[in-house]
There are 4 protein chains.
Amino acid sequence: MTRGSQTREQIEAKALQLFVEQGVAETSVRDIAQAVGIADGALYRHFASKDALVGHLFKANYIRFAEELDRLQAAAPDCHAKLAAMVGGFCRFFDADPVLFRFLLFVQHGQLAKIGAEVSTPVDIVRNVLEAAMTRGEITRRDPALATAWVFGIVLQTATAAVYGRLSPKLTPLRDEIVGAAWRALAGTAIDRA
Amino acid sequence: MTRGSQTREQIEAKALQLFVEQGVAETSVRDIAQAVGIADGALYRHFASKDALVGHLFKANYIRFAEELDRLQAAAPDCHAKLAAMVGGFCRFFDADPVLFRFLLFVQHGQLAKIGAEVSTPVDIVRNVLEAAMTRGEITRRDPALATAWVFGIVLQTATAAVYGRLSPKLTPLRDEIVGAAWRALAGTAIDRA
Amino acid sequence: MTRGSQTREQIEAKALQLFVEQGVAETSVRDIAQAVGIADGALYRHFASKDALVGHLFKANYIRFAEELDRLQAAAPDCHAKLAAMVGGFCRFFDADPVLFRFLLFVQHGQLAKIGAEVSTPVDIVRNVLEAAMTRGEITRRDPALATAWVFGIVLQTATAAVYGRLSPKLTPLRDEIVGAAWRALAGTAIDRA
Amino acid sequence: MTRGSQTREQIEAKALQLFVEQGVAETSVRDIAQAVGIADGALYRHFASKDALVGHLFKANYIRFAEELDRLQAAAPDCHAKLAAMVGGFCRFFDADPVLFRFLLFVQHGQLAKIGAEVSTPVDIVRNVLEAAMTRGEITRRDPALATAWVFGIVLQTATAAVYGRLSPKLTPLRDEIVGAAWRALAGTAIDRA
DNA sequence: GATGAATGAGAATTCATTCAT
DNA sequence: GATGAATGAATTCTCATTCAT
């Protein structure tokens, strides 16, 4: 690995951390440069602009995570297994790189809008899984967007609680509980009690 | 109504809108002043600083909403009814003032940290309801933070989908469905698979 | 005394105090208005501008003090008596209204330049006394500007020490000592040692 | 000398000049930047703030001058010689860099308050010399603050007269006269009248 | 590749002053 | 006479970006 690519990686790592800690707008190029230990201008050898850095950080990782989700989902036989695989993917991602997870899932400052409609996002993957399961009758038929929102909500809000220390810092031990909650939410008739 | 208080209300309304549309950091005092149709400096007769404006917008409304939630919850007899009442509160709030809802629940960005621990937030209200229900055996006993996260996740992510047009723009028609999902998620092993 | 002239006097008093405490540039019209307990704009009923207020405060009082000095000087028979009378005038002024004294003698923010050359200032009065005394052979003949500087220096720096608490807060008890110092400084041949 | 340090020196020089000519509060960062021929923001690469610039200009030079005074005083055998050496130091400083002299001795405006009590100022040096001389019986015993005020008053007011063109622009030729005046002022009742 | 001074366009904020009420 | 909202220019400072070295 060359000196240059080492610097680039450090920029990415420190930028990610600062973006998550303080927000993107609140983090200056100088903040990043100082964290890395380089001069302000040096950052522009590696990224055309601050926006380009943010975009790169988001786009590449977001799509990669979507692909990982898709791979996990594809390898599972039925809806419940697919759901469990995907939730497990979320949990492992959170535990492995919480900073990146938070950047992608919470800090996305309008970056989502810049992603073309043709690219699959994690939301698309989950939605596709659920939609197919409805078609196959595996889960209650309802608006796929609604079902997707519930799964995402359960996962992301659990992650949020973990971030704020209201829960254990690791998500993987909670995987089965999360899957259970999501599965139950998806089950049931459209409107039921008891 | 005096000229001054009209201006103040306009500032609040336009600021809220711009904060939600572009983010707080991305909205300049000039943006707000121009939207209202006054000079930059005039804003400072009504709010001591941009921060004070953000804080005012957040604090007053956040607490008021929490109190509303608490009132709704208190008037309901059991956990399911309390949950339904609170979810209904969320839905009505979203439908009545989506801009304010989004500002409070999505844009906050650190304002929460400035609120003293002694003040009850919506999270506290929901959590207290769930914790009490667990004590009374109305719902499965588990980490209250986890249960709270699920309810919040289901509600907020549904709202998010509505914001992005993936769902109908009104939440109230979905209230019973949302309550159902939350209730099932909390239900524990009852509807669990296997 | 009418309501209006009471307000005007309060403005003068509070402005003087603030100018001395914080400096003229550092004191805003609003600071003054708040200290008086009136609205910002009300000040302009009494003074055309902040500059006009500063100018009025300075000019009127400065000239009045110069006239007082002149009166004191004229009533004394010889140089030493005139000096004693004038130093006594400085001391009494300082003790009676230290705020005004400080404003006139220390805070003069370029106000001196705005006073026409035809008006007599305290500096002129002292200088005239010393020049005449040299002519009459009462004190050593030397550059009158130099002699004036010494007398002023001794008086003002003593006042400064009093302001900063390095000396008793009242100057009058020190009058004879100050006169003695000034008189000795003026005496002596142009260059002498003991 | 690098480009950067050249700019920094120019900023210091021009700022000093403007501060003395117009006052600190009346001099904007833009004024300084324009005088130097750089953009406003460029100044902040060299000084963290306008305040920091003022503080740097004051503190470093004030202390340096105090040290010079102390060196001069220490090298002289008795009070009169010490006084002559210190007054000579004042005169040479004034003649060598009248702008800096005026900034330090006349424009300070609250900078003195920011200097810790542990640092020796010119006032302390003079006062210590006079206090020691009183102990040794070289000059009349009186409140050291009073004696210090007189010496300072004579020197500074002479400098003021020079600044305003009422005296020759150079102070050094007047040194012996100034020393004489100060010495006589301190002399006590010896030359006193009657 | 790296440095860091410089730019220029804003950012938030202050403030003397005006004016409708 | 008084109020206080509004103005508009100015102030300090920040920051993404450029560029000579």
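In what follows, chains carry the letters A, B, and so on, assigned in the order in which the sequence lines appear, proteins first and then strands, with residues in each chain numbered from 1.
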Item to complete: Provide the closest heavy-atom pair for A:T121 versus A:A66 in the form atom of the first, atom of the second, distance.
Response: C-CB, 3.8 Å
Worksheet item: How are the rings of D:F47 and D:H56 set relative to one another: parallel (under 30°), tilted (30 to 60°) or perpendicular (over 60°)?
Response: tilted
Worksheet item: Given atom CD of D:E26 and atom P of F:dA10, what is their separation to the nearest angstrom?
Response: 16 Å
Item to complete: With DNA chain F as reference, determine whether A:D40 or B:G41 sits nearer its 5' end, using the nearest nucleotide of each.
Response: B:G41
Discussion item. Please report the distance separating the P of E:dG1 from the corresponding atom of F:dT21, rounded so that it comes out in whole Å.
Written reply: 23 Å
Item to complete: Give a yes or no on whether the backbone of D:T27 and the side-chain of D:K50 come within a donor-acceptor separation of less than 3.5 Å.
Response: yes
Worksheet item: Just how far, in rounded Å, is C1' of E:dT13 from CD1 of B:I32?
Response: 13 Å
Worksheet item: Reckon B:T7 has a side-chain N or O less than 4.0 Å from the OP1 or OP2 of F:dA6?
Response: yes
Discussion item. Whole angstroms only, please: what is the CD-P distance between D:Q6 and F:dA20?
Written reply: 17 Å
Discussion item. Just the rounded figure in Å: distance from P of E:dA6 to CG of D:L43.
Written reply: 10 Å
Item to complete: Give me the ring orientation class for B:F65 and B:F93: parallel if the planes are under 30° apart, tilted from 30 to 60°, perpendicular past 60°.
Response: tilted
Worksheet item: What's the CZ-P distance between B:R8 and F:dG4, to the nearest Å?
Response: 15 Å
Worksheet item: Will you find, in the side chains of B:E21 and B:Q17, an N or O donor that is under 3.5 Å from an N or O acceptor?
Response: yes
Worksheet entry | Check ion pair D:R45-A:D40 (N to O, under 4.0 angstrom) | yes
Worksheet item: Relative to the 5' end of DNA chain F, which residue comes earlier, B:G37 or D:T27, by the nucleotide with the nearest heavy atom?
Response: B:G37
Worksheet item: Quick one: does D:L105's side chain get under 4.5 Å of D:F94's, heavy atoms only?
Response: no
Worksheet, complete the sentence: Symbol by symbol from the 5' end, with Watson-Crick or G-U pairs under 3.5 Å, [ ] crossing and | another strand, DNA chain F is .||||||||||||||||||||
Practice prompt. Would you mind telling me which of E:dA2, F:dC15, E:dA12 lies closest to the side-chain atoms of A:S28?
Written response: F:dC15
Worksheet item: Where along residues 44-51 of chain D does a heavy atom fall under 4.0 Å from DNA chain F?
Response: D:Y44, D:S49, D:K50
Discussion item. Between P on E:dC15 and CG on C:L53, what's the gap in Å once rounded to a whole number?
Written reply: 16 Å
Discussion item. For B:A42 and A:A42, find the nucleotide of DNA chain E closest to each by heavy atoms; which residue's nucleotide sits nearer the 5' end?
Written reply: A:A42
Item to complete: Would you mind reading off the distance between C:R30 atom CZ and E:dT14 atom P, rounded to a whole angstrom?
Response: 10 Å
Item to complete: Look at atom CZ of C:F106 and say whether more than 12 heavy atoms of other residues, nucleotides or ligands are closer to it than 6.0 Å.
Response: yes
Worksheet entry | D:K114/D:D51 salt bridge by N-O under 4.0 Å criterion | yes
Practice prompt. Could you check which of F:dT3, E:dG8, E:dG4 has an atom nearest any side-chain atom of A:A39?
Written response: E:dG4
